[in-house]
Amino acid sequence: MRQKSSLKIIIGSIGICLLSGLCGCAGENVFTEYAMSIFGSEYDTREQQTQAEMEEVRQSSETETELQEAKEQADGEALEEAYRLILEEASEELTGGYPVDRVFLEWVSSEFGGECILEAAKQSQTFSPDSGVWYRMTENSIHVLWLLYCQEMGMRPDLLENVEWKECASADQVTLAFTGDINFSEGYPTTRHMDSCANGIEDCFSADLLDLMRGMDIMMINNEFTYSTRGEPLPGKTYTFRAKPDRAKLLHAFGTDIANLANNHVFDYGPEALLDTIEALDQEGIPHVGAGANIEDASKPYYFVCNGRKIAIVSATQIERSTNYTKEATEDSPGVLKTLNPDRFVQVIEGADKKSDCVIAVVHWGTEGNSSYGQDQVKLAQAFVDAGADAIIGGHTHCLQGVEIMDGVPIIYSLGNFWFSSNTLDTGLAQVTIDRNGDLALSFIPCIQEQFRTRLVTQEAEKERIFAFMQKYSAQGTELTEDGFVQEED
């Protein structure tokens with residue numbers, strides 16, 4: 001009974017709109033359709049009650065101006081009631097947890113039309129409201145609408161930090177790709193080879209692979225070294241990697257949109273070199289996650305707004321597990337975000353999940369040289385899935401590991417080396433695709449690193465061999481399709 005009485009104004013407005021339609025305004029009031037969809041059965045009764053009123057209108061001498069005024073009044077009354085319903089009864093699920101108020105709703109109405117508000121009011125009356133109503137009506141999720149609103153009003157600048165708006169190649173999908181380890185360290189074999197090539201880094205990757213990477217809407221690389229001329233190699237650490245700061249510009253060759261710093265080599269030359277790394281990336285306009293000048297910075301997600309959806313990328317490292325060369329950031333010292341104990345990273349994922357439509361967790365974990373992922377990785381993955389991760393991309397092991405679908409969330413446990421050594425190794429890109437409906441898919445694009453060059457695999461026999469290898473080390477019930485998609489077995 002509460003629902004029926006709460007929308008008397010909207011139903012009454014329908015009657016007025018019908019009267020207006022009979023006098024030449026039919027088809028002009030889009031509110032009628034939406035209001036009728038809310039109270040179709042009750043509208044039938046109202047329609048019968050207004051037959052006499054409609055006949056009177058046919059015979060009346062009301063001017064078209066008066067009818068238009070009545071129509072506008074009806075629209076206003078319907079919209080006013082819809083505002084009230086949303087403000088008084090909308091759940092956090094519908095509002096995204098944002099402090100939605102009258103000003104915000106009026107802004108949405110003015111920018112995208114009042115029918116958006118009526119549809120939202122309709123959802124506020126359902127047992128399980130669909131927050132997708134905002135995207136269907138405006139082509140922007142509630143998270144993106146709130147960002148647009150904050151921009152327009154000049155409020156909450158903190159919510160606009162670490163947010164980048166990207167124009168996608170297609171309006172129907174967003175593509176993101178992720179690499180394994182990359183190393184530009186001075187004196188390292190890969191770097192020496194690159195410096196000897198006529199075209200530098202362009203000669204170290206196949207042209208079709210570079211084209212593919214540059215064509216991604218978002219391209220993320222794992223920066224497995226530090227950019228600096230300062231610091232000393234950490235005492236006792238066998239391998240330490242440091243590149244000159246101007247090497248950071250090489251990342252543009254991949255179309256890099258973001259770099260992962262949560263790994264066990266970004267701190268190889270101590271805190272000063274880590275800060276230099278951050279500065280070098282900042283100077284190139286390349287955002288980064290997983291490390292920072294303090295724990296607050298190291299824990300910050302980075303957000304991309306693509307095709308009206310807000311995508312969060314978060315990163316942390318489990319490594320090292322038995323030593324502590326790579327320092328975790330503190331309140332007043334630089335370092336990485338660690339997740340040997342998952343609690344802090346779980347909080348980061350949970351926070352990102354509340355503020356975005358999709359969360360992709362990038363994790364440095366596992367045992368080097370072991371293609372079998374460990375139970376420690378499985379336990380961490382479960383914690384990240386429970387916290388709200390929508391896909392998990394792993395690295396560190398210098399070799400490929402298998403895949404899994406865990407509670408509907410796709411996982412690639414390790415991408416191995418992308419361009420890191422002189423060895424011949426299977427590697428590849430993890431690609432995340434988000435379609436127009438917001439559905440996410442994860443796929444693997446196979447590549448091979450050989451003779452200091454990484455190339456895209458195009459021969460079917462090579463693809464089948466690599467997929468078969470990964471399938472061997474994948475979770476039971478999960479398959480890698482012939483197209484490289486990670487999915488549950490039928």
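In what follows, residues are counted from 1 in the order of the sequence shown.
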query = Taking all non-hydrogen atoms of both residues, which atom of Leu440 and which atom of Cys358 are closest, and how far apart?
reply = CD1-SG, 3.5 Å
query = More than 12 foreign heavy atoms under 6.0 Å from CD of Gln459: is that the case here?
reply = no
query = Would Arg436 and Glu139 satisfy salt bridge (charged side-chain N to carboxylate O under 4.0 Å, His left out), going step by step from the backbone distance to the final call?
reply = CA-CA 9 Å; Arg436 194 172 186 84; Glu139 296 192 347; 2.8 Å; yes
task = Indicate yes or no for a side-chain donor-acceptor contact from Gln123 to the backbone of Asp130 under 3.5 Å, with no hydrogens or angles considered.
result = yes
key: ring-ring contact (aromatic ring centres under 6.0 Å, His included) partner of Phe241, the single match among Tyr269, Tyr188, Phe225   = Tyr188
note = What one should report as the nearest heavy-atom pair of Ser141 and Trp134 is C-CB, 4.4 Å
message = Check for me whether Lys310 meets the cation-pi criterion with Tyr303, that is, NZ or CZ under 6.0 Å from the six-membered ring centre and within 45 degrees of the ring axis.
response = yes
ask   = Rounded to the nearest 0.5 Å, how far does CD1 of Ile411 lie from CD of Gln377?
value = 10.0 Å
query = Nearest 0.5 Å, what's the CD-NE2 distance between Gln449 and His398?
reply = 11.0 Å
key: Candidate pair Glu224 and Asn260, rule side chain to side chain contact (heavy atoms under 4.5 Å, CB included), full reasoning   = CA-CA 8 Å; Glu224 189 85 357; Asn260 173 38; over 6 Å; no
ask   = Just wondering, are more than 12 heavy atoms of other shown residues or ligands nearer than 6.0 Å to CD in Glu92?
value = no
key: Glu89 side chain to Gln125 backbone, donor-acceptor under 3.5 Å   = no
message = Please check this pair: side chain of Thr256 against backbone of Leu251, looking for a donor-acceptor N/O pair closer than 3.5 Å.
response = yes
Residue pair Ile405 / Glu488: nearest heavy atoms and the distance that separates them = CG2-CG, 3.5 Å
key: Chi angles and distances behind the side-chain hydrogen bond (donor to acceptor under 3.5 Å, both in side chains) call for Gln382, Asp407   = CA-CA 9 Å; Gln382 187 66 68; Asp407 298 338; 2.9 Å; yes
query = Stepwise, does the side chain to side chain contact (heavy atoms under 4.5 Å, CB included) test hold for Leu480 with Ser474?
reply = CA-CA 9 Å; Leu480 200 61; Ser474 294; 5.7 Å; no
Atom pair CD1/CD1 of Ile117 and Ile86 - distance to nearest 0.5 Å = 5.0 Å
request  = Before accepting this row, confirm whether a basic side-chain N of the pair Lys463/Glu460 lies closer than 4.0 Å to the acidic partner's carboxylate O.
outcome  = yes
ask   = Aromatic ring centroids of Phe420 and Phe418 under 6.0 Å?
value = no
key: Sub-4.5 Å side-chain heavy-atom contact between Leu148 and Trp165   = yes
key: Contact check, side chains of Glu320 and Lys237, non-hydrogen atoms, under 4.5 Å   = yes
ask   = Taking the six-membered ring for Trp, are Tyr239 and His265 ring centroids under 6.0 Å apart?
value = no
key: pair Ile360-Met220: side-chain heavy atoms closer than 4.5 Å   = no
inquiry  = For a side chain to side chain contact (heavy atoms under 4.5 Å, CB included) check, start with the C-alpha distance between Ile295 and Thr330, then their side-chain angles and the critical distance, and finish with the verdict.
reply    = CA-CA 5 Å; Ile295 191 61; Thr330 68; 5.6 Å; no
task = Look up atom CG in Asn423 and atom SG in Cys399, then write down how far apart they are to the nearest 0.5 Å.
result = 11.5 Å
task = Would you sort out whether Asp483 and Thr481 count as a side-chain hydrogen bond (donor to acceptor under 3.5 Å, both in side chains), showing the intermediate values?
result = CA-CA 5 Å; Asp483 296 324; Thr481 70; 4.9 Å; no
message = Any heavy-atom pair between the side chains of Leu261 and Val336 that's under 4.5 Å?
response = no
query = Heavy atoms, side chains only, cut-off 4.5 Å: are Asp376 and Trp365 in contact?
reply = no
key: Given Thr179, Asp181, Asn183, the one that forms side chain to side chain donor-acceptor pair (under 3.5 Å) with Asn222   = Asp181
Separation of Leu274 CG from Arg230 CZ (nearest 0.5 Å) = 10.5 Å
query = Do you know which two heavy atoms are closest between Lys327 and Asn324, and how far apart they sit?
reply = NZ-O, 3.2 Å
query = Are Arg321 and Thr367 side-chain neighbours, meaning at least one heavy-atom pair lies under 4.5 Å?
reply = yes
ask   = Do Phe205 and Phe254 have ring centres separated by under 6.0 Å?
value = yes
message = Nearest 0.5 angstrom please: Trp419 CH2 to Thr190 OG1, how far?
response = 4.5 Å
request  = Check the pair Ser185 / Thr191 against side-chain hydrogen bond (donor to acceptor under 3.5 Å, both in side chains), numbers first and verdict last.
outcome  = CA-CA 6 Å; Ser185 179; Thr191 310; 5.9 Å; no
task = For Ser109 and Leu105, indicate whether the former's side chain and the latter's backbone hold a donor-acceptor pair under 3.5 Å.
result = no
query = Is the shortest heavy-atom distance from the side chain of Phe304 to the side chain of Ile258 under 4.5 Å?
reply = yes
key: salt_bridge(Asp297, Lys300) N-O dist < 4.0 Å   = yes
message = Would Lys166 and Asp257 count as a side chain to side chain contact (heavy atoms under 4.5 Å, CB included) here? Give the steps.
response = CA-CA 10 Å; Lys166 293 282 290 184; Asp257 296 290; 2.7 Å; yes
request  = May I ask you to check whether Glu479 and Gln471 show a side-chain donor-acceptor distance below 3.5 Å?
outcome  = no
task = For the pair Asp246 (side chain) and Lys249 (backbone), establish whether a donor and an acceptor sit closer than 3.5 Å, ignoring hydrogens and angles.
result = no
Salt bridge Arg455-Glu450, side-chain N to carboxylate O under 4.0 Å = yes
inquiry  = Donor-acceptor check, side chain of His396 to backbone of His364, threshold 3.5 angstrom: yes or no?
reply    = no
request  = Mind running salt bridge (charged side-chain N to carboxylate O under 4.0 Å, His left out) on Glu202 and Arg214 for me, showing each step along the way?
outcome  = CA-CA 13 Å; Glu202 298 282 338; Arg214 293 163 180 165; 2.8 Å; yes
ask   = Do Arg242 and Glu232 meet the salt-bridge criterion of a basic N to acidic O distance under 4.0 Å?
value = no
key: side-chain hydrogen bond (donor to acceptor under 3.5 Å, both in side chains) between Thr175 and Gln173, intermediate numbers included   = CA-CA 7 Å; Thr175 57; Gln173 68 175 15; 5.6 Å; no
query = What's the shortest heavy-atom distance between Thr427 and Leu415, and which atoms?
reply = OG1-O, 3.4 Å
request  = Taking all non-hydrogen atoms of both residues into account, name the closest pair between Cys168 and Asp217 and its distance.
outcome  = CA-OD1, 3.3 Å
key: Check: Glu272 and Ser228 side chains under 4.5 Å, non-hydrogen atoms   = no
ask   = How are the rings of Phe467 and Phe444 set relative to one another: parallel (under 30°), tilted (30 to 60°) or perpendicular (over 60°)?
value = perpendicular
task = Kindly check if the number of other-residue, nucleotide or ligand heavy atoms within 6.0 Å of CD (Glu482) is above 12?
result = no
